[in-house]
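Working notes, structure below.
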Amino acid sequence: ESVLDRALRPRGQESPFGQVVLDLLTFFKATYKTVFGFEHPPVHDPCAVAYIMDPSLFEAPLMRVDVVTGEHFTAGQTVCDIWGESKLPANVRVTTKMNVEGFWKLVLEA
């Protein structure tokens with residue numbers, strides 16, 4: 001059983017916020033399965049909020065990040081200098097690992 005499946009299991013004691021989270025996850029799980037074939041939906045927004053609430057749940061090294069601009073097929077691509085090759089200063093913390101159990105605990109207890 002996945003963490004998301006455990007998170008979606010009704011517990012009968014959700015706060016109003018917790019119930020909204022469960023409803024949204026249920027909706028997006030079904031939608032992403034139908035539209036994209038994903039078993040589980042991405043949770044980008046909850047991860048961003050969790051990082052603000054408890055950065056200790058994440059590994060987030062500082063690195064150089066740029067967005068490709070111009071009139072070509074890679075316009076809009078985000079480029080992260082994970083190897084430190086850029087001569088430009090690091091400018092963004094990029095999360096590379098997360099304590100998944102801690103993340104779900106934080107979300108479901110909110």
Side-chain angles (χ1 to χ4, degrees):
E1 180 180 50
S2 74
V3 174
L4 183 57
D5 288 334
R6 288 196 314 259
L8 292 174
R9 186 180 326 128
R11 295 172 291 147
Q13 56 192 9
E14 290 80 44
S15 68
F17 176 76
Q19 187 60 55
V20 168
V21 169
L22 290 173
D23 291 346
L24 287 170
L25 288 172
T26 301
F27 168 78
F28 283 112
K29 180 177 182 178
T31 302
Y32 271 84
K33 176 71 172 170
T34 301
V35 175
F36 301 108
F38 293 1
E39 266 316 300
H40 303 291
V43 287
H44 304 100
D45 294 340
C47 286
V49 172
Y51 181 80
I52 299 298
M53 293 175 67
D54 187 357
S56 71
L57 293 172
F58 300 84
E59 287 185 23
L62 189 61
M63 64 180 72
R64 181 69 194 188
V65 176
D66 291 289
V67 177
V68 177
T69 59
E71 299 291 327
H72 45 80
F73 70 95
T74 60
Q77 181 179 20
T78 303
V79 180
C80 300
D81 181 21
I82 62 173
W83 306 113
E85 298 290 324
S86 176
K87 303 287 188 252
L88 298 171
N91 59 346
V92 176
R93 290 211 172 270
V94 177
T95 57
T96 56
K97 292 184 182 177
M98 176 178 71
N99 173 338
V100 175
E101 292 288 339
F103 164 78
W104 285 114
K105 183 175 186 300
L106 179 71
V107 168
L108 295 174
E109 290 179 357

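Applying the 6.0 Å contact sphere to NE2 of His44 captures no more than 12 heavy atoms from other residues, nucleotides or ligands.
In this structure the side chain of Val43 reaches within 4.5 angstrom of the side chain of Trp104, judged on heavy atoms. With a 4.5 Å cut-off on side-chain heavy atoms, Leu106 and Leu57 count as touching. Taking 4.5 Å as the limit, every side-chain heavy atom of Lys29 sits out of range of all side-chain heavy atoms of Thr26.
Remark: side-chain polar atoms of Arg64 are paired, donor with acceptor, to backbone N or O of Pro89 under 3.5 angstrom. Between the side chain of Arg93 and the backbone N or O of Ala60, at least one donor-acceptor pair lies under 3.5 Å. Listed for the Asp81 side chain is no donor-acceptor partner under 3.5 Å among the backbone atoms of Met63. With hydrogens and angles ignored, the 3.5 Å screen pairs no side-chain donor or acceptor of Thr95 with any backbone N or O of Lys97.
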**Q.** side chain to side chain contact (heavy atoms under 4.5 Å, CB included) between Val92 and Leu62, worked out
**A.** CA-CA 5 Å; Val92 176; Leu62 189 61; 5.5 Å; no

Q: For the pair Thr78 and Val65, evaluate side chain to side chain contact (heavy atoms under 4.5 Å, CB included) and give the outcome as yes or no after the intermediate values.
A: CA-CA 7 Å; Thr78 303; Val65 176; 3.6 Å; yes

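Gly102 approaches Asn99 most closely through the heavy-atom pair N-OD1, 2.6 Å. The minimum heavy-atom distance linking Gly70 with Ala75 is given by the pair O-CB, 3.2 Å. Summarising the geometry of Phe103 relative to Ala50, their closest heavy-atom pair is CD1-CB, 3.6 Å, with the distance given to 0.1 Å. Closest of all the heavy-atom pairs between Cys80 and Val94 is SG-CG2, 4.3 Å. What you find for Pro41 and Tyr32 is that their closest heavy atoms are CB-CD1, 3.9 Å.
Every residue was checked against the ring pair (Phe, Tyr, Trp, His ring centres under 6.0 Å) condition with Phe28, not counting sequence neighbours, and none meets it.
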